[in-house]
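Each remark here refers to the structure printed beneath this line.
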2 protein chains.
Amino acid sequence: MADINQAKKYVNMTDLNPPLARGKAADAKHGDGSRAAKGGALPEAKLQEFAELLFFAYRDFTGDPDAILADFGFGRAHHRVLHFVNRHSGLRVADLLEILNITKQSLGRVLKQLIDQGYIMQQAGAADRRERLLFPTERGRALAERLAAPQIVRLAAALEAAGPAPRRRCAFFSKP
Amino acid sequence: MADINQAKKYVNMTDLNPPLARGKAADAKHGDGSRAAKGGALPEAKLQEFAELLFFAYRDFTGDPDAILADFGFGRAHHRVLHFVNRHSGLRVADLLEILNITKQSLGRVLKQLIDQGYIMQQAGAADRRERLLFPTERGRALAERLAAPQIVRLAAALEAAGPAPRRRCAFFSKP
DNA sequence: TGGTTTATGTCAGCCATGTTGACTTAATTT
DNA sequence: AAATTAAGTCAACATGGCTGACATAAACCA
């Protein structure tokens, strides 16, 4: 696909067209730019580049499954629901709402389709029978795995190319 | 915000509720699961966890600017456009279309607003006067930096927590 | 020169997926 | 028995993708 090369092209543009040539004067004015660099971390330009890479990564990462989903009449929202039900089998609807950070109504729309079409099953909670625990059906599990496959391949390739990793933890969730 | 802790909770659930306990039988059936692991890479379970982390990362990464954008009556689409115009000042409309992977009409809607409200300027190309080169205005640059700030902080925190990095290249764009 | 292609802009409408607000039902808690 | 909670649903609306059609100006080409 051409878009991947386009991404490369523009990521490379970063070097050809260094953003801090313009940015430096402004950083002096606003002054909060270098705050992040305290402790000898990466310069702001590199962090900006990283942000850009994250955009491209996510765009491409979701691109493969999106194409598969289209054949099923589903969208990315269905993927997210199916993924978490598959990976955290038996979770409650309320759990899913918190994970996805969307409203009950938004979730309801896609969840109903997945249930009606036999990808997800519900089961009343044993302790609290108000709760609807969600489980993937065999069909649901199969689709979830099919959607995950290209992403797994992409990640494996990326991590392999990144070289042997030291043991590291992800700090994305530490509040800035 | 509570959602960040929720994310942690569910990422941790991965360990409490190992997905391969159920997944293993299926992997034997489908057989393509371990393909990614050739070459001594991470096991599929870890890659799945990584995929999940990428979802949470992107969700939280875009959350901060989204809140700021709402005050301006803008959305995430405006952010993306403004970001790339700011970082790659002088790019053509066609370039932006390829970067963002959206249609001319979708871009047009948000670009028009950004131009009308004085965040982006256009200038006919010197060599080819059909081209409209895009530049941020001072106002546009200021907003772009304000939107980038929380993301920079997040990234700096994440990378710092990840520890001193060996020189590594991002292989997200290498086709699987 | 005149016809074709290219870069951009625009109108109109559709679809997916997010939002609020109001309300129901069933089950649990007080 | 009353209040709270988990879930489901209806209606209306906003954002930001999409397609298709078409207009304009500039560049290119024969």
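All figures in this text were calculated on a predicted structure; none of them were measured in a lab.
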message: Under 4.0 Å, heavy atoms only, any strand: does B/Q113 hit a base, just the sugar-phosphate, or nothing?
response: nothing

Length of the line joining A/Q122:CD and D/dA6:C1', which is rounded to integer Å: 12 Å

field: Distance, rounded to the nearest Å, where B/D66 contributes CG and C/dT19 contributes P
entry: 11 Å

task: Report which part of the nucleic acid A/G108 touches: base, sugar-phosphate, or nothing (heavy-atom distance under 4.0 Å, all strands).
output: nothing

With a cut-off of 3.5 Å and sequence neighbours excluded, list every side-chain donor-acceptor pair involving residues 117-126 of chain B.
none

field: Sequence neighbours excluded, every pair satisfying ring pair (Phe, Tyr, Trp, His ring centres under 6.0 Å) that has a member inside residues 133-158 of chain A
entry: none

task: Tell me what A/R109 touches on the nucleic acid: a base, only sugar-phosphate, or nothing, going by heavy atoms under 4.0 Å.
output: base

message: With clusters defined by side-chain heavy atoms of hydrophobic residues (ILVMFWY) lying less than 4.5 Å apart, directly or transitively, does A/L91 cluster with A/L97?
response: yes

message: Applying salt bridge (charged side-chain N to carboxylate O under 4.0 Å, His left out) as the test, list every pair that has at least one member in residues 119-133 of chain B; sequence neighbours left out.
response: B/R92-B/E131, B/D128-B/R130

- line: In whole angstroms, the gap separating C1' of D/dT9 from CG of A/L111 amounts to 13 Å

query: In B/S/- notation, 5' to 3', how is nucleotides 19-30 of chain D contacted by protein heavy atoms closer than 4.0 Å?
result: BBB----BS---

Length of the CG-P vector between A/L133 and D/dA6, whole Å: 13 Å

message: Distance check needed: C/dT6 C1' versus B/R92 CZ, whole Å only.
response: 10 Å

query: On DNA chain C, nearest-nucleotide positions of A/I102 versus B/K112: which is more 5'?
result: B/K112

message: Expressed as a whole number of angstroms, how long is the span from A/L107:CG to C/dT19:P?
response: 10 Å

message: Check this one for me: any side-chain N or O of A/R80 less than 4.0 Å away from OP1 or OP2 of C/dG18?
response: yes

task: Let me know the distance between NE2 of A/H78 and P of C/dG18, rounded to the nearest Å.
output: 10 Å

- request: Please report, rounded to the nearest Å, how far the C1' atom of D/dG16 is from the CG atom of B/L97.
  value: 15 Å

- prompt: A/L100: what forms a side chain to side chain contact (heavy atoms under 4.5 Å, CB included) with it, not counting sequence neighbours?
  reply: A/R80, A/V81, A/F84, A/L96, A/I102, A/L107, B/F55

message: In this structure, would A/F50 and B/I152 fall into the same cluster of hydrophobic residues linked by side-chain contacts under 4.5 Å?
response: yes

Contacts of type salt bridge (Lys or Arg N to Asp or Glu O under 4.0 Å), residue A/D116, not counting sequence neighbours: A/K112

